[in-house]
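Heads up: the structure comes next, in structure tokens.
Quick caveat, the model's predicted, so the values are computed rather than measured. Start at 1 with the first residue, then count along the sequence.
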Amino acid sequence: MTVGQKVEVALALLLVALVALIAVTSLFVPLRAAIALWLGAVIFFSATALFLPIRAAELDPKPDPAPDAAAAEARLADRDAQTKVALNPLCHTILMPGAAESADPKTRKVVVLIHGISTCPHAFVELAPRLANRGHVVFAPRMPQNGHADRSTPALGDLTAEALTEYADAAVDVACGWASELGREIVVCGISAGGTVAAWIGQNRPEVSRVVLVAPFFGLPGLGPRFNLFLTRFLLFVPNVSVWKNPWKRERYGGHAHVYKRQSTRGTAEVMRLGYAVFADAKTVAPAARSVALVSNAHDRAISNIIPERLVRRWARHGARVLR
């Protein structure tokens, strides 16, 4: 089930809840009055959401680059020690030093890989070794509220855009340790919600030479910025709905062993909020990264291709080198 389909399921559940509320209310007042009451409430909440400001000022970068590899590794150990929940054994942060004699030293990079929402670094279990074998230092940090041992956890409902920017800053800061010691450039690659985080990094962190956005999630497919902006406001305003990826099997749903069985409307909205902040800044501010690559699929039914395309066009107008 795609992200868009999950949000559609959540909206369908809200519709079912609305019908149920109308049915219960009609036991005490005439049906027309019950319909008018609850439809009025929906219109009121929708109108409120339409003009609800999206907080973006809190999403500014707070850089603190590690001076060397030892400091970078110490920060990683400290973050691991602060983890209070049991983690899926597949989902720990990946760190791989590059093979020493495998590539021209001038072409070696520090590569940061950022996974999507409801998954974890295990998504790169095949890609990371290939990059390391080519001589790159590979770093794939676990995203907040992801990778828990309980795959049915509702933890994604606690994900915030602020936590994602803190995570992004920390990832770049750690990568700076190896880049500084080895004299290498930093490349950040993110997929889906990880692509949104990578876009924020590209907009805000000049230590990164290139960001690669693979199907970045800025909103639902087939919809432009305005409707997705309204949807973001609406999902931030209404109560969180934790959506089972397979509503029929629920906990019995198998799926990949490193992927959650549930998604969150609030967590999805917070990723969209982060994307909105990047998209808005890109209108007037040049990206910090010198080069951007966008990888998209015209037949992708999970994400909007319209917004990322407009984003990289904005970056190109500011002089960034854009590949797509």
Side-chain angles (χ1 to χ4, degrees), residues 1-11 59 83 85 87-88 90-94 112-125 140-168 170-171 188-201 211-221 228 231-232 235-236 240-246 253 255-279 295-297 300-305 307-308:
M1 186 180 290
T2 67
V3 173
Q5 289 170 331
K6 295 166 195 170
V7 174
E8 289 169 2
V9 169
L11 294 176
L59 305 181
T83 303
V85 298
L87 297 180
N88 186 324
L90 297 174
C91 289
H92 291 279
T93 290
I94 294 173
V112 181
L113 301 175
I114 304 180
H115 62 84
I117 196 171
S118 91
T119 178
C120 74
H122 190 74
F124 301 114
V125 69
R142 182 181 60 85
M143 190 180 289
Q145 307 301 336
N146 287 267
H148 293 187
D150 178 10
R151 293 177 54 220
S152 298
T153 178
L156 290 177
D158 296 325
L159 185 66
T160 66
E162 287 84 357
L164 290 172
T165 60
E166 179 185 347
Y167 160 80
V188 176
C189 175
I191 184 170
S192 190
T196 316
V197 174
W200 182 89
I201 291 172
V211 291
V212 181
L213 316 181
V214 181
F217 179 67
F218 282 81
L220 297 189
N228 272 302
L231 184 61
T232 302
L235 292 177
L236 289 171
N240 175 58
V241 178
S242 188
V243 183
W244 291 99
K245 293 184 177 179
N246 188 317
Y253 171 65
H256 296 290
H258 64 286
V259 177
Y260 283 167
K261 299 180 181 182
R262 292 206 277 185
Q263 185 61 278
S264 160
T265 57
R266 179 60 55 81
T268 299
E270 288 287 345
V271 175
M272 293 168 70
R273 177 182 160 219
L274 180 66
Y276 164 78
V278 177
F279 188 74
V295 181
S296 60
N297 180 350
D300 197 328
R301 298 187 300 161
I303 59 104
S304 169
N305 284 323
I307 304 175

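Among the candidates H122, H115, H92, the single residue satisfying the ring-ring contact (aromatic ring centres under 6.0 Å, His included) test with H258 is H122.
Across all their heavy atoms, S296 and N305 have their closest contact at CB-OD1, 3.6 Å. Contact detail for R266 and L236: the closest heavy-atom pair is NH2-O, 3.2 Å. Between V197 and A168, the shortest heavy-atom contact is CG1-CB, 3.6 Å. Of all heavy-atom pairs between A198 and V212, the closest is CB-O, 4.4 Å. Nearest heavy atom pair, residue V214 against residue C189, reads CG2-SG, 3.9 Å. Taking all atoms of both residues into account, the shortest heavy-atom contact from P308 to S304 is CD-O, 3.0 Å.
Between the R151 side chain and the H256 main chain, a donor and an acceptor come within less than 3.5 Å of each other. Formation of a donor-acceptor pair under 3.5 Å by the T196 side chain with backbone atoms of F217 is found in this model. With hydrogens and angles disregarded, a donor-acceptor distance shorter than 3.5 Å links the side chain of Y260 to the backbone of H148. The main-chain N or O of A257 is found under 3.5 Å from a side-chain atom of N88 such that the two form a donor-acceptor pair. Put simply, the side chain of N228 gets close to the backbone of L220: a donor and an acceptor are under 3.5 Å apart. In this structure a side-chain-to-backbone donor-acceptor pair under 3.5 Å is present from E270 to A161. Within the 3.5 Å criterion, the main-chain N or O of P144 finds a donor-acceptor partner in the side chain of N146. Side chain of T265 to main chain of V241: a donor-acceptor pair is present (N/O by atom type, distance under 3.5 Å, no hydrogens or angles). Under a 3.5 Å cut-off, the side chain of T119 and the backbone N or O of V259 do not form any donor-acceptor pair.
Between P141 and V112 the shortest side-chain heavy-atom distance falls below 4.5 Å.
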Check step by step if side chain to side chain contact (heavy atoms under 4.5 Å, CB included) holds for F279 and I307. CA-CA 8 Å; F279 188 74; I307 304 175; 3.8 Å; yes

After noting the C-alpha distance and the side-chain angles of T153 and V85, does the key distance pass the side chain to side chain contact (heavy atoms under 4.5 Å, CB included) rule? CA-CA 11 Å; T153 178; V85 298; over 6 Å; no

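Between atom CD of residue Q145 and atom OG1 of residue T160 there is a gap of 8.0 Å, rounded to the nearest 0.5 Å. Note that SG of C120 is 8.0 Å distant from CD1 of I94, once rounded to the nearest 0.5 Å. To the nearest 0.5 Å, atoms CG (L113) and OG1 (T93) are separated by 11.5 Å. For the atom pair L59 CG and E166 CD, the distance stands at 12.0 Å (nearest 0.5 Å). In this structure, OG on S242 lies 3.5 Å from CZ on R262, to the nearest 0.5 angstrom. To the nearest 0.5 Å, atoms CZ (F218) and CG (L274) are separated by 7.5 Å.
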